[in-house]
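For reference, the structure discussed in these notes is given below.
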Amino acid sequence: MTGTEVTEDLWRRLAPQVLGTLVRRYGQFAVAEDATQEALLQAAAEWSRSGVPDNPRAWLTTVASRRMTDLLRAELARRRREETAAAWTYPLETAAVDEAVPADKDDSLVLLFLCCHPALDPAAQIALTLRAVGGLTTAEIARAFLVSEATMTRRITRAKKAVRDSGARFSMPGGDAYAQRLGVVLQVLYLIFNEGYATTAGENLQRGDLTAEAIRLTRMVHRSLPDDDEVTGLLALMLLTDARRPARTDEHGDLVPMNEQDRGRWNAAYIREGVALLTAAVAHHNPGPYQIQAAIAALHDEAPTAEATDWAQIRALYEALLRVSDNPVVALNHVVAMAMADGADVARARLTEVAADPRIADHPRFHAVSAHLLEMAGDVEAARTAYAEAARRSTSIPQQRYLHGRAARLARNA
């Protein structure tokens with residue numbers, strides 16, 4: 001791996017754990033993040049020469065702790081409090097790293113709840129958590145929110161300042177505060193999973209590291225709240241969706257649409273676990289958005305063939321989801337379900353309504369759905385143009401290839 005690839009991999013897997021350890025020890029979220037990033041940069045330079053150490057997380061924590069101490073001392077010096085800075089202690093030798101970080105200590109979940117502090121508005125909570133815990137880039141987060149990268153940069157900067165100014169302690173909230181933050185925590189985990197399952201940019205269609213991390217963190221939340229139906233529903237949704245990931249790409253990494261996937265490659269264990277979790281949640285008759293989406297995923301997973309999919313039931317579930325969600329992507333998925341259940345003409349009328357939403361009208365998925373409906377209706381030339389437009393707007397290279405391929409196939413068959 002190149003130095004850049006090592007840095008990116010460490011940010012995804014180890015940075016949240018190192019950052020959590022620093023915030024727990026020293027506080028100062030923003031300073032801790034700076035120290036963590038500098039440790040990652042140092043690792044990228046040194047490990048490319050000497051190799052990855054036996055305990056990379058402990059190595060990173062030691063280096064980041066030293067840098068954290070330097071930064072805090074500089075800040076304290078500026079405030080003429082050198083005597084306080086002198087009181088800071090930190091590991092002096094890399095040889096002591098095994099004692100510095102207990103092997104079973106993972107502060108990721110505590111860090112997750114800290115990022116969802118009530119001092120932040122919901123959008124800032126989600127953005128900061130995606131950056132600090134999920135390791136997404138600012139550009140990736142911006143695409144998830146359908147806003148510009150500049151807007152997201154400002155949002156994350158303000159969020160870091162708000163956490164610092166709030167004086168928040170690095171500990172799990174209790175009582176009502178836990179419940180209040182839980183909704184944002186679940187949304188954050190959902191967005192992290194989605195970015196891993198359908199990566200918005202780059203060479204790869206999906207990133208298993210992100211989906212695995214989202215599932216791991218959601219399992220942690222579920223263990224602490226096993227009777228919360230929406231927590232259970234979210235975990236079920238992730239498992240039922242991720243079950244299809246092995247078949248979503250071919251040997252070249254190109255996208256394989258669901259109706260063409262080899263269902264024998266789907267993860268049967270994940271499907272069984274997801275269905276069991278969903279069954280337990282819906283038995284309480286308190287459906288929420290994650291349970292409804294999990295039910296849709298289950299209908300796809302349990303259909304023996306694409307042709308056997310119960311699209312009428314899926315359409316009804318999307319209608320139920322729209323009553324509790326104002327997500328334009330949900331509206332697009334409802335359009336697709338309508339097309340499969342009722343025909344392209346009915347769905348195209350609904351798509352015209354969806355087009356009035358400025359959050360989605362310029363999104364590549366809108367143009368892809370439009371192309372699909374035009375193809376179903378037999379308007380080959382218009383469908384080809386729409387597929388090409390969807391490809392032009394997409395930032396995912398595998399999706400671009402797939403959409404260009406659809407357009408090319410229509411051109412050949414014209």
Side-chain angles (χ1 to χ4, degrees), residues 139-140 142-149 151 194-195 197-206 244 247-261 296 300 306-307 309 311 314-315 318-319 321-322 326-414:
E140 290 167 342
R143 283 190 289 272
F145 280 102
L146 307 179
V147 299
S148 71
E149 185 174 352
T151 296
N194 283 346
E195 180 59 33
Y197 189 74
T199 304
T200 52
E203 292 283 350
N204 299 317
L205 180 69
Q206 47 200 7
R244 300 191 292 268
R248 289 187 70 236
T249 54
D250 61 17
E251 63 272 18
H252 306 295
D254 289 334
L255 185 152
V256 179
M258 192 187 305
N259 65 323
E260 298 177 15
Q261 289 175 16
I296 293 170
H300 283 298
E307 294 74 21
T309 304
W311 283 105
I314 291 174
R315 179 200 60 205
Y318 272 121
E319 289 166 0
L321 187 58
L322 283 170
D326 184 35
N327 188 321
V329 176
V330 172
L332 275 181
N333 291 339
H334 176 235
V335 169
V336 174
M338 289 179 69
M340 301 303 292
D342 306 317
D345 290 342
V346 174
R348 288 175 69 184
R350 171 62 178 145
L351 185 64
T352 300
E353 299 174 6
V354 175
D357 189 335
R359 295 175 298 170
I360 201 66
D362 293 327
H363 196 275
R365 177 151 176 78
F366 174 85
H367 293 276
V369 170
S370 177
H372 176 62
L373 299 185
L374 289 165
E375 183 179 2
M376 288 181 66
D379 192 342
V380 174
E381 183 58 29
R384 187 192 64 77
T385 300
Y387 277 127
E389 181 63 18
R392 187 184 70 81
R393 293 174 181 270
S394 177
T395 53
S396 166
I397 294 175
Q399 288 182 356
Q400 290 174 5
R401 287 199 300 265
Y402 171 76
L403 293 165
H404 280 307
R406 299 283 294 192
R409 188 186 68 179
L410 290 177
R412 289 193 302 268
N413 296 336

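The figures that follow rest on heavy atoms only: side chains count, while hydrogens, waters and symmetry mates do not.
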For this session: Nearest 0.5 Å please: distance from the CZ atom of Arg406 over to the OH atom of Tyr387.
Result: 4.0 Å
Exercise. Do side-chain atoms of Thr151 reach the backbone of Val147 as a donor and acceptor pair under 3.5 angstrom?
Worked result: no
Exercise. For the side chain to side chain donor-acceptor pair (under 3.5 Å) test, which of Glu389, Arg393, His372 pairs with His367?
Worked result: Arg393
Exercise. Got a sec, which residues hit salt bridge (Lys or Arg N to Asp or Glu O under 4.0 Å) with Asp250, two or more places apart in sequence or on another chain?
Worked result: none
For this session: State, with a plain yes or no, whether a side-chain heavy atom of Val256 is found less than 4.5 Å away from one of Thr249.
Result: no
For this session: Could you pull out the closest heavy-atom pair between Ala383 and Leu410, with the gap in Å?
Result: CB-CD1, 3.7 Å
For this session: Mark yes or no for whether Asn327, through its side chain, and Val329, through its backbone, hold a donor-acceptor pair below 3.5 Å.
Result: yes
Exercise. Say you draw a straight line from OG of Ser396 to CG of Asn204; how long is it, rounded to the nearest 0.5 Å?
Worked result: 8.5 Å
For this session: May I have the step-by-step check of side chain to side chain contact (heavy atoms under 4.5 Å, CB included) for Leu205 and Thr199, ending in yes or no?
Result: CA-CA 5 Å; Leu205 180 69; Thr199 304; over 6 Å; no
Problem set entry | Distance (rounded to the nearest 0.5 Å) between Glu319 CD and Ile314 CD1 | 12.0 Å
Exercise. Do Glu375 and Arg384 sit within salt-bridge range, that is, some charged N less than 4.0 Å from a carboxylate O?
Worked result: no
Seminar exercise, completed: Taking every heavy atom of His300 against every heavy atom of Trp311, the minimum-distance pair comes out as CE1-CH2, 3.5 Å
Problem set entry | With Arg350 via side-chain hydrogen bond (donor to acceptor under 3.5 Å, both in side chains) - residues at least two apart | Glu353
Exercise. What is the minimum heavy-atom distance between Gln400 and Ser394, and which atoms define it?
Worked result: NE2-O, 2.7 Å
Exercise. Do side-chain atoms of Arg248 reach the backbone of Met258 as a donor and acceptor pair under 3.5 angstrom?
Worked result: no
Exercise. Just how far is it from atom CE of Met376 to atom CE of Met340, taken to the nearest 0.5 Å?
Worked result: 5.5 Å
For this session: Could you tell me which non-hydrogen atom of Ala388 sits nearest to which non-hydrogen atom of Ala407, and how far apart they are?
Result: N-CB, 4.3 Å
Problem set entry | Spacing of Asp362 atom CG and Asp357 atom CG [to the nearest 0.5 Å] | 10.5 Å
Exercise. Would a 4.5 Å heavy-atom cut-off, applied to side chains only, mark Val380 and Leu374 as touching?
Worked result: no
Problem set entry | Nearest heavy-atom neighbours spanning Ala347 and Val335 | CB-O, 3.5 Å
Exercise. So do Ser370 and Leu351 actually touch side chain to side chain, heavy atoms under 4.5 Å?
Worked result: yes
Exercise. How would you list, by chain and number, every residue that makes a side-chain hydrogen bond (donor to acceptor under 3.5 Å, both in side chains) with Tyr402, sequence neighbours excluded?
Worked result: none
Problem set entry | Where Pro398 and Glu203 come nearest, the two heavy atoms and their spacing | CG-O, 3.1 Å
For this session: For Arg365 and Asn333, test the side chains for any donor-to-acceptor distance below 3.5 angstrom and give the result as yes or no.
Result: yes
